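Letters A, B, ... mirror the listed sequences (proteins, then strands); counts begin at 1. Just so it is clear, the structure is predicted and the values come from calculations on it, not from any experiment.
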2 protein chains.
Amino acid sequence: MSQTAPARSAGNGRAGREAYDLAAVLNIAVAAFNDHGYEATSMGMLAQRLGTSKSAIYYHVSGKEDLLRLALDRALSELELVLTKEMARSGDAGDRLRFVLRGAVEVLVKDLPYVTLLLRLRGNTEVERQALARRREFDRAVAELVEQARDDGSLRADIDARTTTRLLFGMINSIVEWYRPGGPITPERLADDVISVAFDGLATAR
Amino acid sequence: MSQTAPARSAGNGRAGREAYDLAAVLNIAVAAFNDHGYEATSMGMLAQRLGTSKSAIYYHVSGKEDLLRLALDRALSELELVLTKEMARSGDAGDRLRFVLRGAVEVLVKDLPYVTLLLRLRGNTEVERQALARRREFDRAVAELVEQARDDGSLRADIDARTTTRLLFGMINSIVEWYRPGGPITPERLADDVISVAFDGLATAR
DNA sequence: TATAGTCTACTGAACGACCGGTAAGTAGTG
DNA sequence: CACTACTTACCGGTCGTTCAGTAGACTATA
């Protein structure tokens, strides 16, 4: 199937034969979770894609849910990092919003499979619910920026702030459903286009 | 769980006791598919939500995949219907695009769970792949309207037409992830806001 | 009015395949 | 000889599906 190269970590000086490292297992797992959904992905399927046995996976992680937890933590940490940067914390609210949205697009492209997994969560397990709570906190922080930009007069106020935020995220998050790195559109160009469409719309400039 | 009323079809004059009809089974199934994903939803879970046994479901449908096929056909038929209407087929390309987008939002709200299911497909079975092909054909028809509107000069031409179409659908399709009928925003207002944000953007009118 | 037969809409048990996870053993390396 | 990184074999449980049987409502005949 859609299997990256075996990617065994060449001898690292420790005892034992050459082996998959955690990162390789995680990459395969995230790809499989995105193809079939977390619940519907079996450990047997992961083993097949890795070219090993089910039980080999249990040497690297404590179980299926552990794989999910590690993957979601990576996506969330990268997104949260954007909010801590200087340009997200001071200056004009409109500029800060643009900076955060651009940063979100960049993270989304850089860790595409991991963020894809995060965005498709339904909250059926405790791990999923905790990740969704962290994601909601990120969304809330951006929603706050939207409200400030509205108050400053740089965002239109005739549309409900929650609706605005949701449509904004809807457009950005949809990127994971169609954008593939290596195509004609660079991540920088993509971020420019998204910000431009979101703020100025699709109609010809008046 | 989130179970609609048993909704048994009151005596219809035919032989046999009162019973679930196909529509009731389908509603429960679509809700469960949306909660857990199609693959991860078991027939046992459907039986539990219906308050019957697994095998009872097989009286109404030929199997799990049949439920999926019926549900996806409903969503696709409603969307395709929008394209056949007079206002989608003649007139100014910009107006036709607006009409189709508004129609898509209305279908999406009216058959929310069914369209949600359609939008979350990953193409792992033949039924899913056929539905995705029909959905791509719908998308292609809208993309054609976008190109015509560009040529007419009513849509900006500095952004790739494919990117434009995708961001447009991204925003519209995201509605299934947060909009719930019965809230403060009416479907008509929602459609207005979506069209307005898409064409004129979020920035204050210049 | 009594009863036999036909139909619908199920029930409950069982099927082989596969699920996540574990236990015990071992090949290769320092 | 210790340690890493596995392997094979297996566990109880659940999966989608099938099948034989049947309760209850209807109709046809006596």
Protein-nucleotide distance (L22(A), atom CG; dA5(D), atom P), rounded to Å: 12 Å
Determine the minimum heavy-atom distance between H60(A) and L22(A), stating which atoms define it. O-CD1, 4.1 Å
Contact letters for nucleotides 9-21 of chain D, in which S counts primed atoms plus P, OP1 and OP2 and B counts the base, heavy atoms under 4.0 Å: ------SBBBB--
Under 4.0 Å between a side-chain N or O of H60(B) and OP1 or OP2 of dT8(C)? no
Looking only at side-chain N and O atoms, does Y59(A) come under 4.0 Å of OP1 or OP2 in dC6(D)? no
Between I57(A) (CD1) and dT7(D) (P), how many Å, whole number? 10 Å
Could you tell me which residues satisfy side-chain hydrogen bond (donor to acceptor under 3.5 Å, both in side chains) with R150(B), sequence neighbours excluded, listed by chain and number? none
For R189(A), side-chain hydrogen bond (donor to acceptor under 3.5 Å, both in side chains) partners two or more places apart: D193(A)
Taking only residues two or more places apart in sequence, or in another chain, which ones meet Y38(A) in a ring pair (Phe, Tyr, Trp, His ring centres under 6.0 Å)? F33(A)
Run the side-chain hydrogen bond (donor to acceptor under 3.5 Å, both in side chains) test against T163(A) and tell me which residues pass, sequence neighbours left out. D160(A)
Residues that D66(A) engages under side-chain hydrogen bond (donor to acceptor under 3.5 Å, both in side chains), provided they are two or more places apart: R69(A)
